[in-house]
Amino acid sequence: MVKMKLVKWVPLILAVVLLGFIGHGSHASFTPVDNYLIACGSSKNVTFLGHTFVPDLVQSSISLKSQGNSIVATSNSSAPFAVYQSARVFPGTASYKFGIEQEGRHWVRLYFYPLPDSGHNLTSASMTVITENFVLLNNFSFKNYNGSYMFKEYAINVTSDSLTVTFIPSNNSVAFINAIEVVSVPDELIPDQALALSPSGPFSGLSEFALETVYRLNMGGPLLTAENDTLGRTWENDEKYLHVNSSAVSVSVSPATIQYRAAATPQIGPNWVYATAQTMGNSNVANSNFNITWVFPVDPNFTYFVRYHFCDIMSVSMNTLVFNLYINSDLAFGSLDLSTLTGYLAAPYYKDFVSNSSADTDTLTISVGPDTRADFINALLNGLEIMKINNEARSLDGISPVETLLVSQPSKKNKMGIIIGSVVGASAALVFISLCYCFLVARRSKTPQQGSTWLPLPLYGNSQTMTKMSTTSQKSGTASCISLASSNLGRLFMFQEIMDATNKFDESLLLGVGGFGRVYKGTLEDGTKVAVKRGNPRSEQGLAEFRTEIEMLSKLRHRHLVSLIGYCDERSEMILVYEYMANGPLRSHLYGTDLPPLSWKQRLEICIGAARGLHYLHTGAAQSIIHRDVKTTNILLDENFVAKVADFGLSKAGPAIDQTHVSTAVKGSFGYLDPEYFRRQQLTEKSDVYSFGVVLMEVLCTRPALNPVLPREQVNIAEWAMSWQKKGMLDQIMDSNLAGKVNPTSLKKFGETAEKCLAEHGVDRPSMGDVLWNLEYALQLEETSSALTEPEDNSTNHIPGIPLTPLEPFDNSLSMIDGVNSGTDADAEDAATSAVFSQLVNPRGR
Ligand SMILES: *[C@@H]1O[C@H](CO)[C@@H](O)[C@H](O)[C@H]1NC(C)=O
Ligand SMILES: *[C@@H]1O[C@H](CO)[C@@H](O)[C@H](O)[C@H]1NC(C)=O
Ligand SMILES: *[C@@H]1O[C@H](CO)[C@@H](O)[C@H](O)[C@H]1NC(C)=O
Ligand SMILES: *[C@@H]1O[C@H](CO)[C@@H](O)[C@H](O)[C@H]1NC(C)=O
């Protein structure tokens, strides 16, 4: 929180004097179009940190409406700064409305100080502060606050010609405010997209969210105040957040040394921020391999926007400083080489991420640590910003949306209420589109399906919310919504049953921990073994994924898809109960564990199973479904090593018949992400095909999709394996356990299949059906060869005499496909698959 305690005055004033003295003219300035700085209740101009705050009622573009007359409170002696010397006190709901000339993000800065000698008991005042769309403060009171005054900064995208800030007193008290700023922010300051972590993937649509500054730090440097920052921001020193004080050594250069090149501008951060940094100190001491870590207490119920500011002010030559960034225990960015990114030394640079707090603590930890492959072991950080992102209720404080806060007021319906109500109503559509995880209803011409319905759980049981949601969907006509309760979604478990099944979530039964939450092994009363996935209730993303998973899985039944047995949503728990997969994720059989290596044939069978599952998703169901998170940890193996595709949390209905793609924010896992989807944000089934190509390479080479520890050209398996495949030398990088045990033609077919899946453009990639066919063929080649070399092995289902030259798909006979099919367990649920096979045999549209 950018809050300065009273004890901070002295360093503050010193810093201001110091910087005022040397800092002038050191950066280009930005002139905000909207620039309101008002001293509420004041009768005169007030100067604070070089800025003039004018009385609140002298500008015609600001209006104040209040229930009951507002009261002016002033104090001459006690206020910490001039800007806190007066206040306006409201006995009822009151709003300041600011005329906005230029739409876009604006700082909304609020200054509160409960003037002790004002004649009102402001310390016990309890208040809620909202804008038209967002909740800024909910029932805030100085009684429960450990500071003597409070400064809050928000960045809100205003998309109309005014912004209204409303103060609502609660608990029969009053509300008050000392000063307000509403100031334009340059558009480029906060991007629309940043990289989200755990699960990792691009996070789009930031511009729709309100942000609250919770920390803004100048690493290794002095406090910088509004006067020293062209955007009026405050940057604190970082030392009190350092995890181990001695881990960091601060360095500094003259701010004049800082050269803004391409990446950052003086608006992104003043040169004072970039001219100082925390580093690991003398890089060549023994055992210098550690991280510098900062720990920030945060509200775990929110997601945060994190910006790292860098400027290499310590290297003497280019490309010597290479280091890693972490958020919590996640690698946020590996092998960051500033000089390559900026082309210069001492050139500011920044990187943005979106992250939750760490799973078990109410903190966000930020670390920088050396990349051990670099020439010098060191790392640095110059500045850091952490901003809270509003939640689903469009709130930055609590879970009540603006609507309920206004409604809960005992007020008579007066003029004010109506004004605010209508503004709120107008923006409701936007609110609920973001609340609502509605899918496009795609209809396949062959199987017209009425009322495919996809809809979220009611959020916080707010009936008003639900009503608005359905209105939205009717209007748009593209989506239709129902609540979960009204559809058949498998068994609804009581929380107690889950507790019994998992022995109260016994940690010894823990099967895994993922972005969504923890997975436990459980045993139901009737002895059925199950996997119990318990969502992290703090994860907002989790809620949407929880719904999606239930809705998707309850509609789908297939031998190669993990079945959902039921769910539990009692006490705001998000628990999913699945069939138990005894052999766990495919990945654990490839690397990183002591499990015995899989044979080539087993690997092919597993890939074929997974391909069947995906093929069914794409074409077998009434509505095409795109998985979006195909990876080796989402392919699970049962006790017989039958592969099943799991984790439908990110799945999306595919494009309707008359569309070619679904436009969507990019989600998924790095290393598996289709580059075309990433660039164009247009989702098709071919994005899953790409990810599956990565899986194939992983199965062959037994290494992670991304391994930042490897030399640069090897980091990404897709690039690395493709370069060897193109040379026809994939066997050089394959799992050494397979050496000499793979039929070369089978390997060749497999390599070609993976290569096609990894094609740059979706149109050049095969369908999952083609992939399946090719893998079946690779298996045939393997079995045939083993049959030829080991004639005693008669148990395999091979077709004797199959030509060993690779064939193109579809110029083949039916019998071969039948042969494969008869070899697998073609039970009733594979009916959909046989429909698929008939398409394969008689492909249309090729
Ligand atoms: C107060 O400040 C405003 C803006 O800086 C200025 O236009 C105005 O003249 C000032 N008023 C007084 C009384 O100094
Ligand atoms: C503000 O929101 C509008 C509408 O969503 C968007 O077009 C615009 O780019 C946003 N501006 C910023 C600076 O984020
Ligand atoms: C997070 O939300 C939960 C449930 O709404 C609430 O009980 C808890 O106090 C919140 N945590 C914080 C730190 O506000
Ligand atoms: C730095 O922190 C990350 C995340 O917690 C951890 O994975 C890594 O091993 C740490 N590096 C060192 C050198 O301690």
Side-chain angles (χ1 to χ4, degrees), residues 1-3 36-41 56 62-68 70-71 73 83-84 87-98 106-114 120 122-145 147 149-158 162-183 209-214 299 302 387-391 393-409 411 416-417 419-421 423-424 427:
M1 208 154 302
V2 184
K3 62 185 177 206
Y36 296 104
L37 284 73
I38 62 168
C40 303
D56 51 352
I62 302 178
S63 62
L64 171 63
K65 294 204 165 105
S66 65
Q67 283 176 358
S70 66
I71 305 149
V83 75
Y84 293 105
R88 204 169 277 278
V89 180
F90 307 111
T93 299
S95 301
Y96 280 101
K97 183 173 174 185
F98 299 86
H106 285 68
W107 298 122
V108 175
R109 297 185 173 120
L110 304 176
Y111 296 79
F112 299 95
Y113 174 62
H120 306 277
L122 298 183
T123 310
S124 65
S126 170
M127 58 189 152
T128 292
V129 182
I130 60 176
T131 66
E132 286 95 331
N133 299 323
F134 298 104
V135 178
L136 307 184
L137 282 173
N138 187 356
N139 275 334
F140 171 79
S141 168
F142 271 92
K143 243 193 306 199
N144 321 317
Y145 178 72
Y149 62 94
M150 183 168 75
F151 169 71
K152 287 276 188 184
E153 180 184 89
Y154 306 89
I156 294 175
N157 184 353
V158 181
S162 67
L163 173 76
T164 306
V165 182
T166 301
F167 298 82
I168 309 170
S170 39
N171 306 334
N172 289 322
S173 71
V174 293
F176 72 93
I177 179 73
N178 301 72
I180 308 180
E181 291 181 42
V182 174
V183 181
F209 289 89
L211 302 175
E212 176 188 340
T213 310
V214 283
D299 180 340
F302 288 86
M387 301 180 96
K388 194 195 262 183
I389 301 175
N390 71 262
N391 61 19
R394 293 218 147 193
S395 173
L396 285 159
D397 187 7
I399 56 168
S400 311
V402 163
E403 291 79 356
T404 55
L405 292 171
L406 279 172
V407 168
S408 67
Q409 277 315 100
S411 72
M416 244 275 318
I419 292 165
I420 293 179
V423 175
V424 167
S427 57

What is the distance from atom [atom1] of [X] to atom [atom2] of [Y], rounded to the nearest 0.5 Å?
X	Y	atom1	atom2	answer
Leu211	Ile156	CG	CD1	9.0 Å
Ile168	Ile130	CD1	CD1	4.0 Å
Asp299	Glu212	CG	CD	9.5 Å
Tyr154	Met387	OH	CE	11.0 Å
Ile177	Leu110	CD1	CG	4.5 Å
Lys65	Ser70	NZ	OG	14.0 Å

After noting the C-alpha distance and the side-chain angles of Phe151 and Thr213, does the key distance pass the side-chain contact (heavy atoms from CB on, under 4.5 Å) rule?
CA-CA 10 Å; Phe151 169 71; Thr213 310; over 6 Å; no
Would you say Thr131's side chain and Thr164's backbone share a donor-acceptor pair under 3.5 angstrom?
no
Can you check whether Ala393's main-chain N or O pairs, donor with acceptor, with Asn391's side chain at less than 3.5 Å?
yes
Which pair of non-hydrogen atoms, one from [X] and one from [Y], has the smallest distance, and what is that distance?
X	Y	value
Phe302	Ser395	CE2-O, 3.2 Å
Gly398	Asn138	CA-ND2, 4.3 Å
Thr123	Ser141	O-OG, 3.5 Å
Val135	Ser400	CG2-O, 3.4 Å
Leu396	Lys388	O-NZ, 2.8 Å
Phe142	Gly147	CD2-O, 4.0 Å

Apply side-chain contact (heavy atoms from CB on, under 4.5 Å) to residues Leu136 and Lys152 and explain how you reach the verdict.
CA-CA 9 Å; Leu136 307 184; Lys152 287 276 188 184; over 6 Å; no
So, do [X] and [Y] sit near enough that their side-chain heavy atoms are less than 4.5 Å apart?
X	Y	answer
Val83	Asn178	no
Thr166	Phe90	no
Leu122	Val174	yes

Around Asn144, counting heavy atoms of other residues, nucleotides and ligands shown, do more than 12 lie under 6.0 Å from its CG?
yes
Hits for side chain to side chain contact (heavy atoms under 4.5 Å, CB included) against Ile62, two or more places apart or cross-chain, chain-then-number order -> Tyr36, Ile38, Gln59, Tyr96, Phe98
For the rings on Tyr149 and Tyr111, is their centre-to-centre separation under 6.0 Å?
no
Take Met150 and Leu137, measure what side-chain contact (heavy atoms from CB on, under 4.5 Å) needs, and give me the verdict at the end.
CA-CA 12 Å; Met150 183 168 75; Leu137 282 173; 4.0 Å; yes
Ring pair (Phe, Tyr, Trp, His ring centres under 6.0 Å) partner of Tyr145, the single match among Phe112, Phe140, Tyr113
Phe140
Start with the C-alpha gap between Lys143 and Ser126, add the side-chain angles, then the distance that decides, and say whether side-chain contact (heavy atoms from CB on, under 4.5 Å) holds.
CA-CA 9 Å; Lys143 243 193 306 199; Ser126 170; over 6 Å; no
